[in-house]
Amino acid sequence: MRELPPESTQQAVGYPSLFLLVALGALVPIVPTGAVVSSAAVVAFHQSSPPALLFVFLVAAFAAFLGDLALYWLGQRGVRSRNGSRWLATLRGRVTPERLAQAQARLDTHQVSVLVLSRLVPAGRIPVMLACLLAEMPLRRFARGDLAACLAWAATYQLIGILGGSLFPEPWQGVVAAVGLTVLISALPALWRRVRGTSGRAAGSSGTSGTAGTSGTSGTSGTSGTSGTSGTSGTSGTSGDSGREHP
């Protein structure tokens, strides 16, 4: 098996790469930053240097924080501009109106705690950030909530990496396990929304069928009502004949 580079070389290359990938992933929400942090934590777990895991945590949290602040600042420019901006349009394009309304309702109720949870829930960061932008939350206030969110996010994905590293003797095995777990966690919310959407459409179809059946029953009742009216007319005619019999 090919030997790994010395730990000093791994750290010299690994920490700057971790910072760049996480910061880029915060600006362009395509890079799977959670998997990157978990993979770095696996490698740090197998190193003999005790502060390695601490450095991974600090670098990941700091990079995520700076990336979030940069994206929020760019979004603020779009909100203040009369013509908007490309960054704001990109954020709007990644959020459905339903999810934006939910994020705005939670933001009105819970404020800072929503920012913390938005980083921990997969695909939850952008809707909450857009809700903060539309609510014109100041950058300093956003930064206070986002700092706690980035610390909690880095700690969570580092724990996933430590778990993967502790289960397997080789670092690459732990990296594969950590990446697979983070991908699974990221896919769960989308799968849940798809299942809920399918159930909602099925319930809507059943409700439509039930309404059609009720309408048909009402039409039958209307026919009976017409027959009842005819019966009443007949009764009135009988009463008229009785009136002619008495002078």
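Residue numbers run from 1 in the order of the sequence given.
- What you find for V36 and L18 is that their closest heavy atoms are CG1-CD1, 3.7 Å.
- Taking CZ from R144 and CZ from R140, the interatomic distance works out to 9.0 Å, rounded to the nearest 0.5 Å.
- Under a hydrophobic-cluster definition in which Ile, Leu, Val, Met, Phe, Trp and Tyr are linked whenever side-chain heavy atoms come within less than 4.5 Å, directly or via other members, L107 and L91 are assigned to the same cluster.
- R92 contributes atom CZ, which lies 5.0 Å from atom CG of L134 (distance to the nearest 0.5 angstrom).
- For S38 (side chain) and A35 (main-chain N/O), no donor-acceptor pair under 3.5 Å exists by modelled atom type.
- For the residue pair Q104 and A131, the shortest heavy atom distance occurs at CG-CB, 3.7 Å.
- With values rounded to the nearest 0.5 angstrom, Q76 atom CD is found 11.0 Å from L88 atom CG.
- Linking ILVMFWY side-chain heavy atoms closer than 4.5 Å, directly or via other members, places V128 and L117 in two distinct hydrophobic clusters.
- Hydrophobic clustering (ILVMFWY, side-chain heavy atoms < 4.5 Å, transitive): L159 and V176 are in distinct clusters.
- To the nearest 0.5 Å, atoms CD1 (I162) and CG (L53) are separated by 5.0 Å.
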Show which side-chain atoms of residues 55-74 pair as donor or acceptor with protein atoms under 3.5 Å away, not counting sequence neighbours.
unit_1, atom_1, unit_2, atom_2, d
D68, OD1, R119, NH2, 2.9
D68, OD1, R125, NH1, 2.6
D68, OD2, R119, NE, 3.2
D68, OD2, R119, NH2, 3.1
Y72, OH, C132, O, 3.3
Y72, OH, M137, O, 2.6

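- For the residue pair A154 and V37, the shortest heavy atom distance occurs at O-CG1, 4.2 Å.
- The shortest distance between side-chain heavy atoms of V22 and Y157 does not fall below 4.5 Å.
- Atom CG of L120 is separated from atom CG of L115 by 11.5 Å, given to the nearest 0.5 angstrom.
- Residues L163 and F45 are members of separate hydrophobic clusters, defined by side-chain heavy-atom contacts under 4.5 angstrom among Ile, Leu, Val, Met, Phe, Trp and Tyr.
- How far CG of D146 is from CE of M129: 6.0 Å, rounded to the nearest 0.5 Å.
- No path of Ile, Leu, Val, Met, Phe, Trp and Tyr side chains, each step under 4.5 Å between heavy atoms, connects V116 with I126, placing them in separate hydrophobic clusters.
- Shortest non-hydrogen contact noted between S39 and V179 is OG-CG2, 3.4 Å.
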Could you walk me through whether V28 and L24 pass the side chain to side chain contact (heavy atoms under 4.5 Å, CB included) check? CA-CA 6 Å; V28 184; L24 178 63; 4.1 Å; yes
